[in-house]
J.: 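Quick one: the structure is below, and I'll ask about it shortly.
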Protein chains: 2
Amino acid sequence: MSLCSFEPFSEKMNSKEILQNHISKTISLTDEEFEYFFSHFKVQSFKKGQTVISAGDKVNCEYFVISGCLKAFFINDEIKMYILQFAMPTWWTSDYDALYNKTIATINVDCITDVEVLCLSNEDREKLCKEFHQIEHFFRWRTNKGYIASQKRLLSFMNNNTKKRYEELLALYPQLYNLVPKHLIAAYLGVSRETLSRLYNS
Amino acid sequence: MSLCSFEPFSEKMNSKEILQNHISKTISLTDEEFEYFFSHFKVQSFKKGQTVISAGDKVNCEYFVISGCLKAFFINDEIKMYILQFAMPTWWTSDYDALYNKTIATINVDCITDVEVLCLSNEDREKLCKEFHQIEHFFRWRTNKGYIASQKRLLSFMNNNTKKRYEELLALYPQLYNLVPKHLIAAYLGVSRETLSRLYNS
DNA sequence: TGGGTTACGTGATGTAGGTCACATTCTTTT
DNA sequence: AAAAGAATGTGACCTACATCACGTAACCCA
């Protein structure tokens, strides 16, 4: 699991410390405030292969990854899969469209490895944002970063060919190479597994 | 210019009313608070073809569009152009990566038509967010919406062929068809102008 | 420990879209 | 009103990638 970790020593930290360490990079809360914040999260464990969000279901929570790796993906015509995000430790994942707009999920989230997450409901996030200006600030910045990353990926999609996008992905997240099967990397890049296979045998 | 407008009667409103109408959809400010908020914006006018942000420059502001239409785009190898966003009345635009991370611009913004914008500096936005919890809330929601839209476009890119993406774009923004030249629509879709041309002649 | 599922490699062939080249029309400038 | 410059249409040809098909290797798990 330590393969997925972006923040040092996380395997020595418990989930509370991992979250505290994560948010302290953006805002400062007193220990008391953080305790209150943390009390709204629920620890959940999943086994490899288990489903966290199914397309068609109602979505109530977002998930902060403590350990393991998940994928958020879309299934086209019940056939092809496209991966929107690999979620690694200290990343957040959900179907944010469904979550914020209170519609049913159009994307799925499931577990590539055994996973531990902290789960925060939509209502609790909004409540916390209302109660603590700092927490609203934190979530604004988190989304900002996600937005910027998403724009960059879009650009890379238009501008780069598959080979370049593959190299870019591995440069950014070298741990993916050993952690997730190649056909999932293909699904992230938006190409067939055959094309990806031919790519790195040359 | 009324072609670009998504909010009714905007041509009868002045820039202050347009902004007030826009933010009142997410938060409620007193008239006094709004006056203070508005006092941080600077009106700017541009002629068709003028540059607002150049790749390589420092980026200090984000722009709220009052009238007209801009494009935010990336130039690859000094040759190919990819459009990240068409910015229409009541939309926000900038190079957010450069703006938030205080780096130089990698994307350009220029004017497809004559344009009027309200300009807000990064420092003033952060100051206002700090001073008014409500304003921080507004900007969190604005970015949320942008993030969700960006994810959807990414999915559409992977999942749909050019024809479908073209129809999707026109269904969402019918006014684009008459407002912007076809080769810019091609640059938004990420295909060559020739391909797009052949597409709707069939 | 063996049988079934999942992951991966590779050939043959089809196709969407890119690139280049040139013609036509529409728009802007002087 | 003429000239120059954009924007668009269209043919010929090329390339990256998809799809189908089949084979092999690795990994569960009963």
Side-chain angles (χ1 to χ4, degrees), chain A residues 3 46-51 69 71 73-83 86 108 110-114 155-170 176-202, chain B residues 3 46-51 68-69 71 73-83 86 110-114 155-170 176-202:
Chain A
L3 271 175
F46 294 96
K47 287 277 159 205
K48 176 175 175 172
Q50 270 194 288
T51 298
C69 181
K71 63 178 192 284
F73 61 102
F74 175 77
I75 300 278
N76 142 342
D77 308 327
E78 318 292 317
I79 295 178
K80 272 196 245 168
M81 172 179 71
Y82 296 104
I83 294 180
F86 291 114
N108 310 270
D110 71 19
C111 302
I112 294 176
T113 65
D114 289 357
L155 249 185
S156 173
F157 230 92
M158 297 201 275
N159 190 27
N160 300 138
N161 61 20
T162 305
K163 186 164 196 171
K164 230 173 171 180
R165 293 208 312 284
Y166 175 65
E167 285 160 0
E168 211 173 70
L169 178 66
L170 288 193
L176 277 181
Y177 188 84
N178 295 308
L179 190 66
V180 316
K182 307 276 170 286
H183 74 271
L184 293 186
I185 293 186
Y188 181 92
L189 296 174
V191 296
S192 69
R193 57 168 202 85
E194 291 95 330
T195 295
L196 184 63
S197 168
R198 285 182 245 267
L199 216 75
Y200 47 66
N201 300 345
S202 61
Chain B
L3 271 177
F46 295 96
K47 288 275 159 209
K48 176 175 175 174
Q50 270 194 288
T51 297
C69 181
K71 63 178 191 286
F73 60 103
F74 176 77
I75 300 277
N76 142 342
D77 309 327
E78 316 295 316
I79 296 178
K80 271 194 245 169
M81 173 181 68
Y82 297 103
I83 294 181
F86 291 115
D110 71 18
C111 303
I112 295 176
T113 64
D114 289 358
L155 249 184
S156 174
F157 229 91
M158 297 202 273
N159 191 27
N160 300 140
N161 60 19
T162 304
K163 187 163 195 171
K164 230 173 170 178
R165 293 208 312 284
Y166 175 64
E167 286 161 359
E168 212 172 70
L169 178 67
L170 288 193
L176 278 180
Y177 188 83
N178 294 310
L179 189 67
V180 315
K182 306 278 171 283
H183 74 270
L184 293 186
I185 293 186
Y188 181 91
L189 297 174
V191 296
S192 70
R193 55 169 203 84
E194 292 95 330
T195 296
L196 185 63
S197 167
R198 285 181 244 269
L199 217 76
Y200 47 66
N201 300 345
S202 61

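Being a predicted model, the structure only gives us computed values, none of them experimental. Throughout, a chain's letter reflects where its sequence line sits, starting with A, and its residues are numbered from 1.
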J.: Quick one: A:Lys80 NZ to D:dA18 P, roughly how many Å, whole number?
T.: 8 Å
J.: About how many Å separate CD1 of B:Ile112 and CG of B:Leu179, when rounded to the nearest 0.5 Å?
T.: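 With rounding to 0.5 Å, CG (B:Leu179) is 7.0 Å from CD1 (B:Ile112).
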J.: Using a 4.0 Å heavy-atom cut-off to protein, can you give one letter per nucleotide of nucleotides 25-30 of chain D, 5' to 3': B if the base is in contact, S if only the sugar-phosphate is, - if neither?
T.: ---S--
J.: Please determine whether side chain to side chain contact (heavy atoms under 4.5 Å, CB included) holds for the pair A:Leu184 and A:Met81, giving the CA-CA distance in whole Å, both sets of side-chain angles, and the decisive distance to 0.1 Å.
T.: CA-CA 9 Å; A:Leu184 293 186; A:Met81 172 179 71; 3.2 Å; yes
J.: In residues 156-170 of chain B, which ones come under 4.0 Å of DNA chain C, going by heavy atoms?
T.: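 Within this stretch, B:Asn161, B:Thr162 sit under 4.0 Å of the strand.
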J.: Can you give me the closest heavy-atom contact between A:Leu199 and A:Lys163, atom names plus distance?
T.: CD2-CA, 3.4 Å
J.: Who passes side chain to side chain contact (heavy atoms under 4.5 Å, CB included) against B:Lys164, sequence neighbours left out?
T.: B:Asn160, B:Asn161
J.: Provide the start and end nucleotides, 5' to 3', of the part of DNA chain C that has atoms under 4.0 Å from heavy atoms of chain A.
T.: C:dA7 to C:dA12
J.: Under 3.5 Å, which donor-acceptor pairs link side chains of residues 190-198 of chain B to any protein atom two or more places apart or in another chain?
T.:
{"residue": "B:Ser192", "atom": "OG", "partner": "B:Thr195", "partner atom": "N", "Å": "3.2"}
{"residue": "B:Ser192", "atom": "OG", "partner": "B:Thr195", "partner atom": "OG1", "Å": "3.0"}

J.: So which pairs with a foot in residues 176-198 of chain A pass ring pair (Phe, Tyr, Trp, His ring centres under 6.0 Å), sequence neighbours left out?
T.: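 Residue pairs passing ring pair (Phe, Tyr, Trp, His ring centres under 6.0 Å), neighbours aside: A:Phe86-A:Tyr188.
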J.: Under the rule for side-chain hydrogen bond (donor to acceptor under 3.5 Å, both in side chains), what residues qualify as partners of A:Asp110, not counting sequence neighbours?
T.: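 A:Asp110 satisfies side-chain hydrogen bond (donor to acceptor under 3.5 Å, both in side chains) with A:Lys71 once adjacent residues are dropped.
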J.: How close do A:Ile185 and A:Leu176 get, counting heavy atoms only, and between which atoms?
T.: CD1-O, 4.2 Å
J.: For A:Glu168, which residues count as a side-chain hydrogen bond (donor to acceptor under 3.5 Å, both in side chains) partner, sequence neighbours excluded?
T.: A:Ser156
J.: Quantified as the angle between the terminal helix axes (five pairs each), what is the overall bend of the helix from C:dG4-D:dC27 to C:dT30-D:dA1 to 10 degrees?
T.: 50°
J.: State which residues pass ring-ring contact (aromatic ring centres under 6.0 Å, His included) with A:Tyr200; sequence neighbours excluded, sorted by chain then number.
T.: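 So A:Tyr200 forms a ring-ring contact (aromatic ring centres under 6.0 Å, His included) with A:Tyr166.
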J.: Using side chain to side chain contact (heavy atoms under 4.5 Å, CB included) as the criterion, list what pairs up with B:Gln50, not counting sequence neighbours.
T.: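 For B:Gln50, the residues satisfying side chain to side chain contact (heavy atoms under 4.5 Å, CB included) (neighbours in sequence not counted) are B:Phe46, B:Lys47.
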J.: Ignoring hydrogens, what is the shortest heavy-atom contact between B:Cys69 and B:Val180? Give both atom names and the distance.
T.: SG-CG1, 4.3 Å
J.: Hey, does B:Gly190 reach any base, or is it just sugar-phosphate, or nothing, if we go heavy atoms under 4.0 Å?
T.: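 Since only primed, P, OP1 and OP2 atoms lie under 4.0 Å of B:Gly190, the category is sugar-phosphate.
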J.: State, with a plain yes or no, whether a side-chain heavy atom of A:Thr51 is found less than 4.5 Å away from one of A:Asn108.
T.: no
J.: Where along nucleotides 6-13 of chain D does protein come under 4.0 Å, by heavy atom, of base (B) or sugar-phosphate alone (S), with - for untouched nucleotides?
T.: -SBBBBB-
J.: To check you understand the geometry: which heavy-atom pair defines the closest contact between A:Phe157 and B:Met158, and what is its length?
T.: CZ-CG, 3.3 Å
J.: Output the distance between atom OH (B:Tyr82) and atom CG (B:Asn76), rounded to the nearest 0.5 Å.
T.: 5.0 Å
